[in-house]
Amino acid sequence: MSERIALGFCNNVDYEIVWNAEALEELITAYAISADELGSQGEIASERDLVISILSFMKTSGGGERFVASSAIIERFAARFEKKITLGGTSVRAAIAMRILGYTAALHLITMNSHVRRLLPQDCPYICSNPDDSTYPHLIVQFGLDARLRAGDIDIRARQPNRLIYHCNADRIDMKLNEDFADLITEAKVLLISGFNAVQSKQLLADRLAKLKRMLKRLPGDSIVFMEDGAYYDPSYRQMIFRELGPRIDVYSMNEDELQVHLDRAVDLHDARRVTCALADLSRLIPAAAIVVHTRGWALAYGDDASRYAAALKAGVTMATTRFRHGDDFAMANYREIAGREPIAEAARFADVINAAGRGNIVCVPVAAVEQDNGTTIGLGDAFVGGVLPALAFESDFS
């Protein structure tokens, strides 16, 4: 059975821990972690390294994704906290979000276990590339606005909410592909490519990209290939992806952190002129017809005929904001309520300026204003994708 929306290519189990400042402060004391150690982002080979990494991110209020030496480190740390077990991976979280709007999708999975069977939308067809069950959990740490940790000489407070992801996932590192997925995409209007960022071998990546290119040949000629960026084990591997898939990537999407990683510089996201310059620089690095950037304040598309993505961007920021406010258990009524809200005033002014300056090559939509200090920060990029793709596949529903 072929679907109009196809989502690849990975999935995983997430341990979403409940923030507990007291437990973290006890670890700071037990491991004698000092303030001068924060900021280092070396190998995470122990629970102590993991705590230092969390503190370093929190000190800057930044978010990110990091690899750890073993899943045992994650299991040990997560056992100290209350946690919720959910499904992760852009494709699966997007599928769960869009299902609430009434849309199904075909999925390519790399991990199967009891959690996946229980939590996956039951009416979404899928192919899994692994014949055996496996579980390599991802640790999700979320801190809210003004979350504070004080122990020893450490005293840090988060200036904004954010999320951190840690994992050592053998299934994602191996990234097996099942080419039978090609049978599920023959009528797809849009295909998501994501999940290749954990691969740690150029030879293996070359093999996986060759298989992916064979599958892409089964897509209809007018379908949209939408690629979501990620935190790559080796950033140079992106160049292999661009070289092999560049001509077929219609939209390359990223968040604000990934934007700045690509450019290797900070970008003032409130300055339309600087953002416009950043987009021009990105376009020289990324061979895609359109570039999408989604942030906590706005989302935009850059490229020829960018205006075609306006409705999809609106759907994307609405979905992400709905998840931020209501978490996993949002309903269609929540989505509609967010869609009708006034935008963040500063973001609306930014959108007006950059849309005028873009002269048709930029379309930007502001995020709805919500007052919430401790919203859900994990999966917002995935939820954004889960809003965008139905609007691309079923344009008349969103016009």
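Computation of the quantities below employed the complete heavy-atom set of this structure, encompassing side-chain atoms and omitting hydrogens, waters and symmetry-equivalent molecules.
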Practice item. Find out if a path of hydrophobic residues (ILVMFWY) with successive side-chain heavy-atom gaps under 4.5 Å connects Ile291 to Tyr309. Key: no
Check your understanding: Should Val190 and Val92 be regarded as members of a common hydrophobic cluster, given that ILVMFWY residues are connected when their side-chain heavy atoms come within less than 4.5 Å of each other, either directly or indirectly?
Key -> yes
Review point. Counting only heavy atoms not in Asp304, do more than 12 fall under 6.0 Å of its CG?
Key: no
Exercise for review: Flag the pair Lys176 and Asp207 as a salt bridge only when some basic side-chain nitrogen lies within less than 4.0 angstrom of an acidic carboxylate oxygen.
Suggested key: no
**Study point:** Electrostatic pair Arg150:Glu25 at N-O distance under 4.0 angstrom
**Key:** no
Exercise for review: Indicate, with yes or no, if Ile378 and Ile54 share a hydrophobic cluster defined by side-chain heavy-atom contacts under 4.5 Å among Ile, Leu, Val, Met, Phe, Trp and Tyr.
Suggested key: no
Exercise for review: Check whether any side-chain N or O of Asn197 sits under 3.5 Å from a backbone N or O of Ala231 as a donor-acceptor pair, and report yes or no.
Suggested key: yes
Check your understanding: Cluster question for you: counting only ILVMFWY and a side-chain heavy-atom cut-off of under 4.5 Å, with indirect links fine, are Leu313 and Val367 together?
Key -> yes
**Study point:** Ring-ring centroid check Phe67 Tyr233, cutoff 6.0 Å
**Key:** yes
Check your understanding: Are any side-chain N or O atoms of Asp271 and backbone N or O atoms of Asp268, one a donor and one an acceptor, separated by less than 3.5 Å?
Key -> no
**Study point:** Evaluation steps, ring-ring contact (aromatic ring centres under 6.0 Å, His included), between Tyr103 and Phe394
**Key:** CA-CA 9 Å; Tyr103 300 97; Phe394 297 89; 5.0 Å; yes
Review point. Within 45 degrees of the axis of the six-membered ring of Phe196 and under 6.0 Å from its centre: does Arg208 put its NZ or CZ there?
Key: no
Point to revise | Set of side-chain contact (heavy atoms from CB on, under 4.5 Å) partners for Asp234, sequence neighbours left out | key: Ser236, Tyr237
Review point. For the atom pair CD1 (Ile52) and CD1 (Ile44), what is the distance rounded to the nearest 0.5 Å?
Key: 9.5 Å
Practice item. Can you measure from CG (Asn113) to OG (Ser134) and round to the nearest 0.5 angstrom? Key: 6.5 Å
Study note, to complete from the structure: Exactly one candidate in Arg48, Glu37, Glu47 meets side-chain hydrogen bond (donor to acceptor under 3.5 Å, both in side chains) with Tyr31; the answer is Glu47
Exercise for review: Answer yes if Val225 and Leu177 sit in the same cluster of Ile, Leu, Val, Met, Phe, Trp and Tyr residues linked by side chain heavy atoms under 4.5 Å apart, and no otherwise.
Suggested key: yes
**Study point:** Straight-line distance of Leu389 CG to Arg4 CZ, nearest 0.5 Å
**Key:** 13.0 Å
Point to revise | Heavy-atom donor-acceptor pair, Ser223 side chain to Lys189 backbone, under 3.5 Å | key: no
Point to revise | Neighbour count above 12 (heavy atom, 6.0 Å) for Asp264 CG | key: no
Check your understanding: Around atom CZ of Phe330, are there more than 12 heavy atoms of other residues, nucleotides or ligands at under 6.0 Å?
Key -> yes
Exercise for review: Would you indicate whether the side-chain heavy atoms of Tyr335 and Thr318 approach each other to under 4.5 Å?
Suggested key: yes
**Study point:** Polar side-chain atom of Glu43 near backbone of Ala69 as donor-acceptor pair, under 3.5 Å
**Key:** no
**Study point:** Nearest-0.5 Å distance, CZ of residue Arg66 to OG of residue Ser56
**Key:** 9.0 Å
Point to revise | Backbone of Arg117 reached by a side-chain donor or acceptor of Gln122 within 3.5 Å | key: yes
Check your understanding: With distance as the sole criterion, is a donor-acceptor pair present between the side chains of Thr111 and Asn12 under 3.5 Å?
Key -> no
**Study point:** Carboxylate-amine/guanidinium contact Glu22 Arg80, below 4.0 Å
**Key:** no
Practice item. Please answer whether the main-chain N or O of Gly8 pairs with a side-chain N or O of Ser194 as donor and acceptor at a distance below 3.5 Å. Key: yes
Check your understanding: Roughly how far, to the nearest 0.5 Å, is the CD1 atom of Ile17 from the CD atom of Glu82?
Key -> 10.5 Å
Review point. Is the His138 ring parallel, tilted or perpendicular to the His167 ring (thresholds 30°, 60°)?
Key: parallel
**Study point:** Ionic contact status for Lys84 with Asp14, cut-off 4.0 Å
**Key:** no
Check your understanding: Which pairs with one or both residues in residues 378-389 pass side chain to side chain donor-acceptor pair (under 3.5 Å), sequence neighbours excluded?
Key -> Thr90-Asp382
Check your understanding: Between Lys211 and Glu179, is a salt bridge (charged side-chain N to carboxylate O under 4.0 Å, His left out) present by the stated rule, with each step listed?
Key -> CA-CA 7 Å; Lys211 290 180 177 178; Glu179 293 189 58; 5.2 Å; no
Review point. Can any side-chain N or O of Thr104 pair as donor or acceptor with the backbone N or O of Cys124 at less than 3.5 Å?
Key: no
Check your understanding: Hey, what do you get for CE (Met319) to CE (Met98), rounding to the nearest 0.5 Å?
Key -> 7.0 Å
Point to revise | Check: Tyr15 ring centroid to Phe77 ring centroid under 6.0 Å | key: no
